[in-house]
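Data first, discussion second: the structure below is written as structure tokens.
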Protein chains: 2
Amino acid sequence: MVEQLVINVGKKIRELRRQQGLSLRQLSEQIEVSSSAIHKIEQNLISPTLGTVLKIVKGLGTTLQSLLDEQSEPKEVAYFAEAKRRSTIVPDLKIGIQLLTGGLPEETFSAALLSIPRGAKIKEREFHHHGEELQLCIKGKVKFTIKGETYLLKRGDSLHFKSYLRHFWENVGNAEARLLMICSPPIHLGRESNEG
Amino acid sequence: MVEQLVINVGKKIRELRRQQGLSLRQLSEQIEVSSSAIHKIEQNLISPTLGTVLKIVKGLGTTLQSLLDEQSEPKEVAYFAEAKRRSTIVPDLKIGIQLLTGGLPEETFSAALLSIPRGAKIKEREFHHHGEELQLCIKGKVKFTIKGETYLLKRGDSLHFKSYLRHFWENVGNAEARLLMICSPPIHLGRESNEG
DNA sequence: GGACGATGTCTCCTATACGATACACTATCT
DNA sequence: AGATAGTGTATCGTATAGGAGACATCGTCC
């Protein structure tokens, strides 16, 4: 029998397959997984192998992530972060951080507005993590260095990169700069932060 | 033996485990998966069951997604979208869309700047997709309706929600509005768009 | 009504994921 | 050196994932 964690992937797979008008055998042929196996997976009679689920989601044109994401109904519908009510987190860095996310269950990315005082910079070690990151410059001039390469971001410019690459940045304008930062997977700034 | 699709999850798992200073047995106890199983998975000797990988990634504090994402080294280091060089996609909607992402392999979210002319709106059916979505109002006034609930976004306000919920929005200001939209998983606007 | 083709389900059998435990190796003690 | 505790690896038994094919049901055509 199948454990609690995985409950409902079967149901979801069946929905998607039906939605696309595919029969068990049709899907089976496409993806090289037997129809009986798919059937058992859909009924939650077995817990598929990683290889098998990947074949299936590929065949259905989805990702495993979205399959797992929507298993439980969200408790929060939407997280509304009003500009005037947003709290500002101020860690040691002297950089103002306003989180735009953090209110939904099982988020897959984080967003924050960063206020960077004149001359401030982030050193190389900090905020080094997995996944990807998008930085959009809203105000001021910020110089990014990623793996040796430098980029100067002015108002409206953005930079998208894999964030496990060594990266750091600096406010090179003569005034405060503001960045919008998106991280995936989400990081949890300020809260329960005990860096190993 | 293990198939091509899944190659390297093992390596990645081992890296993460070591990075956290955990031994096979330590991790094993935490997550109720035998150490020998973890070992074989790390060596790509077996293809783990969905339940098993989920236990492991949970124990390592990651998501399955990020495990699968970063399997291959990225070809692009960073995607720099300069404001003045950004192309504007104009679909039927009359809404200007400037993509900030789309340059990296295996992205997990999409970001775009939307320019919404006065009075323009998005109807309910459109942009209905899986995952989650963040909207940040940069300029103007936009009214969002999500599952019946309405939110008025002014400059600086943001809204974060599960995007499979029915949602639509409308520019209710007396001028053009601008939104920054983040979607996860990524959607591919404008390109190869043939809605089933 | 019977033949045919489609669907999903069930029943085996085999391949394999996983657990228990033994083994090899290294480091740090006494 | 020997003992002990830690590491990762190898072996083997069992539970189970997955494949081949039979079976039941429903529709359509003749």
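In what follows, chains are A, B, ... by sequence order, proteins preceding strands, each numbered from 1.
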- request: Taking A/N171 for its side chain and A/V142 for its backbone only, find out whether a donor-acceptor pair lies under 3.5 Å.
  value: no
query: Sub-3.5 Å donor-acceptor pair from the side chain of B/D157 to the main-chain atoms of B/C137, do we have one?
result: no
message: Judged by each residue's nearest nucleotide on DNA chain C, which is more toward the 5′ side, B/R25 or B/V53?
response: B/V53
field: Position toward the 5' end of DNA chain D (nearest nucleotide), B/S35 or A/S35
entry: B/S35
Using only side-chain N and O atoms of [X], determine if any of them is under 4.0 Å from OP1 or OP2 of [N].
| X | N | result |
| --- | --- | --- |
| B/T49 | C/dC18 | yes |
| B/T52 | C/dC18 | yes |
| B/S34 | C/dC18 | no |
| B/R17 | D/dG8 | yes |
| B/H39 | D/dT9 | yes |

Of the listed nucleotides ([options]), which one gets closest to any side-chain atom of [X]?
| X | options | result |
| --- | --- | --- |
| A/R14 | C/dT9, C/dA17, D/dG18 | C/dT9 |
| A/K40 | D/dG18, D/dG8, C/dG8 | D/dG18 |
| B/Q43 | C/dC12, D/dT9, D/dG8 | D/dT9 |
| B/R18 | C/dC10, D/dG8, D/dT11 | D/dG8 |
| B/L24 | C/dG8, D/dG19, D/dG8 | D/dG8 |
| A/A37 | D/dG19, C/dG19, D/dT7 | D/dG19 |

- request: Would you classify B/E32 as touching base, sugar-phosphate or nothing, given that sugar-phosphate means primed atoms plus P, OP1 and OP2, and contacts are heavy atoms under 4.0 Å?
  value: sugar-phosphate
- prompt: Counting any heavy atom closer than 4.0 Å, what does B/S23 reach on the DNA or RNA strands: base, sugar-phosphate only, or nothing?
  reply: sugar-phosphate
